[in-house]
Amino acid sequence: MAEFSQEKAGKTKMREINSIYGKLLQHYGAQGWWPISGEYRKNDFSTPRNEEEQLEVCFGAILAQGINWQAAQKAVFNLSKLNALDLSAFEKLGEEKIREAVKPAGYFNQKARKLLEFSEFYSSLQGKTPSREELLGVWGVGEETADSILLYAYRQPQFVVDAYAKRIFCKLGLIDENASYAQVKKLLEDNLPLDYKLFNEFHALLVEHAKRHYSKKPFRDLVLL
DNA sequence: AGCCAGGCTACCG
DNA sequence: CGGTAGCATGGC
């Protein structure tokens, strides 16, 4: 009996989460993340990405930490002007030039170091795909950045939990206010098909929706759309 | 002027 | 463990 109602509740939750995705997609359309060279490629899920694209996603994910995407994009553009989205060229650049390039993205001392540590790690991979654990072992890569890299650079179905996703699912009553990263991630991954294309769009759509309606407290949008 | 932005690390109790 | 100060810039 208890087992039955639990299963029923689980299916209800599953329908609700899938329905949220459907509504967002219908309302905003495909987002085409991750933007490469500032370009959003809607419905382009070609895989595998080449090395330069992977590095741009990884650097972008690090540079976007705690800052708006426009600012992060300026830093990515500065690096691309220096031809530094190529690994060997980046390594020759030197920390001082990297600091200058990433300045618009804020926290430039930390972020320069993070990019350097990451490039060293990436180079050690010799083209193989890193595990989530390996990524988390890199200084400057936390859970959201690791999942963003696995999802957007390596096309793995890892749900990316960011501040926006937490706000939205919390407001919809699906998670507790102080739910951990792992708890939110599990909620989504247990209730969606493990499809990287779906995860890709879902995360991007949550960001788009939150930027419009969950930007500052109090988050007034009780229901979705 | 001040708040906010697609976090992470180090250090605290 | 969970909680939080510090990190820095720029747009609105």
Side-chain angles (χ1 to χ4, degrees), chain A residues 20-21 24 28 30-36 38-40 56-79 95-122 130 132-154 158-171 175-185 188 196 199-221:
Chain A
I20 291 166
Y21 173 68
L24 287 170
Y28 296 113
Q31 300 297 298
W33 278 26
W34 191 281
I36 298 293
E39 190 185 336
Y40 292 81
E56 181 169 342
V57 174
C58 296
F59 281 1
I62 289 169
L63 290 167
Q65 290 170 1
I67 197 93
N68 66 78
W69 174 246
Q70 300 307 322
Q73 204 171 31
K74 281 182 194 165
V76 174
F77 182 63
N78 287 344
L79 289 171
E95 188 155 4
E96 195 49 46
K97 287 230 171 104
I98 297 171
R99 268 201 282 263
E100 284 305 311
V102 304
K103 193 159 277 192
Y107 315 120
F108 63 90
N109 289 308
Q110 288 190 348
K111 283 184 177 170
R113 181 181 162 201
K114 289 178 182 180
L115 294 190
L116 278 163
E117 303 247 1
F118 188 85
S119 71
E120 208 169 301
F121 168 74
Y122 185 84
R132 192 169 189 271
E133 288 310 308
E134 287 173 322
L135 283 166
L136 290 173
V138 180
W139 190 87
V141 176
E143 298 207 81
E144 186 192 335
T145 305
D147 287 333
S148 291
I149 288 171
L150 289 171
L151 179 61
Y152 290 110
Y154 291 95
Q158 302 277 353
F159 202 93
V160 177
V161 179
D162 58 16
Y164 287 155
K166 276 190 188 166
R167 282 180 203 174
I168 292 174
F169 291 121
C170 181
K171 198 69 188 176
I175 58 168
D176 191 73
E177 184 175 14
N178 41 37
S180 69
Y181 187 98
Q183 287 171 329
V184 183
K185 183 174 166 72
L188 278 303
Y196 76 84
F199 282 25
N200 180 320
E201 281 300 333
F202 204 162
H203 171 62
L205 287 163
L206 288 167
V207 171
E208 183 57 30
H209 185 59
K211 280 205 278 206
R212 295 173 188 240
H213 301 290
Y214 288 73
S215 168
K216 57 177 76 162
K217 295 180 183 178
F219 311 129
R220 287 172 299 128
D221 288 25

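Letters A, B, ... are given to chains in the order of the sequence lines, protein chains preceding strands, and every chain is numbered from 1.
- What separates CH2 of Trp69(A) from P of dG10(C) is a distance of 17 Å, to the nearest Å.
- Residue Ala163(A) is classed as a sugar-phosphate contact, given heavy-atom separations below 4.0 Å to backbone atoms only.
- Among the atoms of the strands shown, none is found under 4.0 Å from any heavy atom of Val102(A).
- Phosphate contact (OP1/OP2 of dG2(C), side-chain N/O of Ser180(A), threshold under 4.0 Å): absent.
- Phosphate contact (OP1/OP2 of dG2(C), side-chain N/O of Asn178(A), threshold under 4.0 Å): absent.
- Of the candidates dT9(B), dC7(C), dG6(B), dG6(B) carries the atom nearest the Glu144(A) side chain, counting heavy atoms from C-beta on.
- Regarding contacts with the backbone of dA5(B), a side-chain N or O of Arg167(A) is found under 4.0 angstrom from either OP1 or OP2.
- Out of dG6(B), dT9(B), dC8(B), the shortest distance to the side chain of His203(A) is found at dG6(B).
- In this entry the distance linking CZ of Arg99(A) with P of dC7(C) reads 15 Å, nearest Å.
- Going from atom CD1 of Ile67(A) over to atom P of dC12(C) covers 13 Å, rounded to whole Å.
- Atom pair Ile62(A):CD1 and dT9(B):P shows a separation of 10 Å (rounding to whole Å applied).
- Separating the C1' atom of dG3(C) from that of dG6(B) is a span of 22 Å, rounded to the nearest Å.
- Here Tyr164(A) does not lie in a stacked arrangement on the base of dA5(B), lacking the combination of planes under 30° and ring centres under 5.5 Å apart.
- The separation between Leu115(A) atom CG and dC7(C) atom C1' is 15 Å, rounded to whole Å.
- Summarising the geometry, the separation between NZ on Lys111(A) and P on dG6(C) is reported as 18 Å, rounded to the nearest angstrom.
- No side-chain N or O of Tyr214(A) forms a donor-acceptor pair with one of His209(A) less than 3.5 Å apart.
- In this structure, a donor-acceptor pair under 3.5 Å is present between the side chains of Lys114(A) and Gln65(A).
- Across dT9(C), dG7(B), dA5(B), the shortest atom-to-atom separation from the side chain of Gln65(A) is found for dG7(B).
- With contacts defined as side-chain heavy-atom distances shorter than 4.5 Å, the pair Leu188(A)/Phe202(A) qualifies.
- Nearest-nucleotide positions on DNA chain B for Lys211(A) and Gly140(A) put Lys211(A) closer to the 5' end.
- Between Lys97(A) and Glu100(A) there is no salt bridge, since no side-chain N of the basic residue sits under 4.0 Å from a carboxylate O of the acidic one.
- Two residues are said to be in side-chain contact when any heavy atoms from C-beta on lie closer than 4.5 Å; Leu135(A) and Asp147(A) fail this criterion.
- Residue contacts for Glu143(A): at a heavy-atom cut-off of 4.0 Å it reaches the sugar-phosphate backbone alone, with no base atom in range.
- As rounded to whole Å, 10 Å separates atom P of dT9(C) from atom CD of Glu100(A).
- As judged by a 4.0 angstrom heavy-atom cut-off over every strand, Thr145(A) is placed among residues touching the sugar-phosphate backbone only.
- Going from atom CG of Asp147(A) over to atom P of dG7(B) covers 13 Å, rounded to whole Å.
- Residue Trp139(A) places its side chain closer to dA10(B) than to any other of dG6(B), dA5(B), dA10(B).
- Distance check on atom P: dA8(C) versus dC11(B) gives 15 Å, rounded to whole Å.
- When each of dG6(B), dT9(C), dG10(C) is scored by its nearest atom to the side-chain atoms of Lys74(A), the top-ranked nucleotide is dG10(C).
- Here, dA5(C) and dC3(B) have their P atoms 15 Å apart, quoted to the whole Å.
- Backbone-only engagement by Phe108(A) is indicated by non-hydrogen atom pairs under 4.0 Å involving sugar-phosphate atoms exclusively.
- Residues satisfying the ring-ring contact (aromatic ring centres under 6.0 Å, His included) criterion with Tyr107(A), sequence neighbours excluded, are absent altogether.
- Under the Watson-Crick or G-U wobble criterion, with both distances below 3.5 Å, dC12(B) is paired with dG2(C).
- The ring of Trp33(A) lies on top of the base of dG6(B), close enough and flat enough: under 5.5 Å between centres, under 30° between planes.
- Counting non-hydrogen atoms under 4.0 angstrom, Val160(A) reaches nothing in the nucleic acid.
- At least one cation-pi condition fails for Lys185(A) and Phe159(A): the charged atom is not both under 6.0 angstrom from the six-membered ring centre and inside a 45 degree cone around its axis.
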